[in-house]
Amino acid sequence: MARRSFIAIVGHGPDLERDEGAASVLRSLGADVRTLDLWDDPPRLFLDDESKARAIVVEALDRPDLAAAALRALRREPRLEEVGALVAVSVAQIARIEPSSGFDDFLLVPYVPAELYARVRLVEWRRSEFATEERVKVGAIVIDRAAHDVSVGGMHVPLTAKEFALLSYVCERRGKVVSRTELLRRVWGSQYEGGARTVDIHVRRLRAKLGAALPLVTLRGAGYRLESPVPGSGGPEGADAGRALQRGGAGAESHGEERGEPRDEDEDEDEEGDDEGDEEGDEDEEGDDEGEASARGDRRSGTSESTSTTTGRERRVTR
């Protein structure tokens with residue numbers, strides 16, 4: 001039997017069923033809605049074991065200070081821990097919404113019906129995870145196997161062939177520990193003669209490119225585990241991850257350190273030298289390094305010629 005999904009509307013009891021309220025508006029649009037008073041127990045939303053909440057709308061209106069407390073109470077119900085939540089406030093109370101309150105987005109009252117439903121669907125999409133033959137979604141990361149494309153919050157992220165294969169595999173195994181040996185066998189193949197350090201290097205590159213959207217934890221002596229995405233790491237619609245991408249992933253390593261993740265065992269500055277024979281993308285990177293070295297050599301040569309010319313002029317002036 002398919003699970004019946006509903007939108008939970010939480011607020012002051014007497015106001016929940018008003019004509020212009022979120023419950024009435026969403027019902028008029030055809031959505032299944034269940035209401036809950038701010039002080040009622042969250043389990044009352046679930047009429048049977050087959051029920052599933054799509055999203056939560058907390059109608060704070062002129063009391064945004066109550067919204068955060070209400071959300072904390074809702075999160076104590078296991079079936080609501082990972083459900084996206086919106087807070088609805090009046091225009092005069094926008095400035096009182098705390099970014100740390102835990103809500104994914106906010107709504108303004110009075111509602112615009114189309115906007116209300118669109119924002120509910122948007123927060124539902126951000127929080128959703130799925131895996132099909134063609135597409136995989138984990139948090140803000142969407143992997144399109146058919147198009148060989150990866151996006152974070154709607155922003156395209158260029159990956160090499162091995163980076164793409166590595167990301168796809170750890171996403172498929174989310175929540176489970178995958179060893180370096182397993183990754184070498186499944187991503188690089190049993191005939192690959194390189195060592196586990198190759199995995200560490202590619203993981204570092206993925207972290208740099210995907211930033212906070214990739215909650216990949218290093219387990220010393222065991223391998224890696226992809227955890228549940230951190231709330232807000234991909235939103236609004238991947239905005240935080242997008243900023244990390246714009247910074248060139250500079251914050252990816254610090255993000256891991258803040259969460260207490262141990263660094264890879266053999267991370268050194270000369271990691272490029274140990275990545276021989278991986279793929280054409282890596283060879284291109286090495287080629288770029290050679291080009292830069294050549295350019296530096298040309299600049300040094302130009303500097304030497306300039307110096308000798310200057311010295312010659314000085315001799316002529318002296319004579």
Side-chain angles (χ1 to χ4, degrees), residues 1-61 63-64 66-89 101-107 109 111-132 135-140 142 171-172 174-176 227-237:
M1 180 184 296
R3 302 186 70 179
R4 187 173 182 179
S5 60
F6 64 91
I7 301 172
I9 310 297
V10 182
H12 181 50
D15 296 331
L16 285 172
E17 297 297 338
R18 68 192 191 281
D19 291 340
E20 69 277 13
S24 298
V25 172
L26 289 170
R27 285 195 187 106
S28 69
L29 296 173
D32 185 3
V33 174
R34 298 181 187 178
T35 59
L36 182 75
D37 187 270
L38 284 168
W39 313 115
D40 283 347
D41 293 330
R44 294 186 61 181
L45 286 168
F46 299 90
L47 305 178
D48 51 66
D49 293 336
E50 299 301 324
S51 299
K52 178 183 178 182
R54 294 172 52 190
I56 301 168
V57 177
V58 177
E59 291 195 301
L61 306 181
R63 292 296 306 276
L66 297 179
L71 183 61
R72 286 195 296 269
L74 291 165
R75 293 296 190 212
R76 285 194 283 270
E77 165 58 45
R79 288 168 289 187
L80 296 175
E81 284 182 344
E82 302 298 329
V83 179
L86 302 99
V87 57
V89 297
S101 60
F103 288 96
D104 296 271
D105 205 346
F106 69 91
L107 290 159
V109 180
Y111 301 110
V112 175
E115 180 189 13
L116 171 58
Y117 194 61
R119 286 182 181 269
V120 167
R121 292 184 62 192
L122 184 59
V123 75
E124 185 180 9
W125 164 257
R126 291 176 194 156
R127 289 278 185 156
S128 68
E129 293 189 2
F130 59 80
T132 65
R135 302 181 80 191
V136 176
K137 182 177 184 295
V138 177
V142 178
C171 285
E172 290 173 2
R174 187 176 71 78
K176 299 179 181 180
E227 297 185 332
S228 297
V230 179
S233 64
E237 195 60 13

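The structure presented is a predicted model; accordingly, all values stated were derived computationally and were not measured.
For the side chain to side chain donor-acceptor pair (under 3.5 Å) test, residues two or more places apart in sequence or in another chain that qualify with R44 are D40. Not counting sequence neighbours, E81 has no partner by the side chain to side chain donor-acceptor pair (under 3.5 Å) test. With sequence neighbours left out, L45 forms a side-chain contact (heavy atoms from CB on, under 4.5 Å) with F6, A8, R34, L36, L80. Taking the side-chain contact (heavy atoms from CB on, under 4.5 Å) definition, one finds that A85 meets it with I56, L71, R75, F103, D104, sequence neighbours left out. For E115, the side chain to side chain donor-acceptor pair (under 3.5 Å) partners two or more places apart in sequence, or in a different chain, are R119.
Across every non-hydrogen atom of T35 and A23, the tightest pair is CG2-CB, 3.8 Å. Looking at every heavy atom in both residues, V123 comes nearest to G84 through CG2-CA, 3.8 Å. For L38 against A70, the heavy-atom pair with the smallest separation is CD2-CB, 3.6 Å. Here the closest non-hydrogen pair linking A31 and Y117 is CB-CE1, 4.3 Å. Between A60 and V87, the closest heavy-atom pair is CB-CG2, 3.9 Å. Shortest non-hydrogen contact noted between A22 and V57 is CB-CG1, 4.4 Å.
Judged as a side chain to side chain donor-acceptor pair (under 3.5 Å), the pairs with a partner in residues 7-18 (not counting sequence neighbours) are, in order, E17-R27, R18-E59.
Using a distance-only test at 3.5 Å, with no hydrogens or angles considered, a donor-acceptor pair links the side chain of K137 to the main chain of G139.
Note that CG of L116 is 5.5 Å distant from CG of L107, once rounded to the nearest 0.5 Å. One finds the NZ atom of K52 at 14.0 Å from the CG atom of D32 (value rounded to the nearest 0.5 Å).
Contact of the L26 side chain with the Y111 side chain is not registered, since no non-hydrogen atoms from C-beta on lie closer than 4.5 Å.
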V58 vs L74, side-chain contact (heavy atoms from CB on, under 4.5 Å): CA-CA, chis, key distance, verdict:
CA-CA 10 Å; V58 177; L74 291 165; 4.1 Å; yes
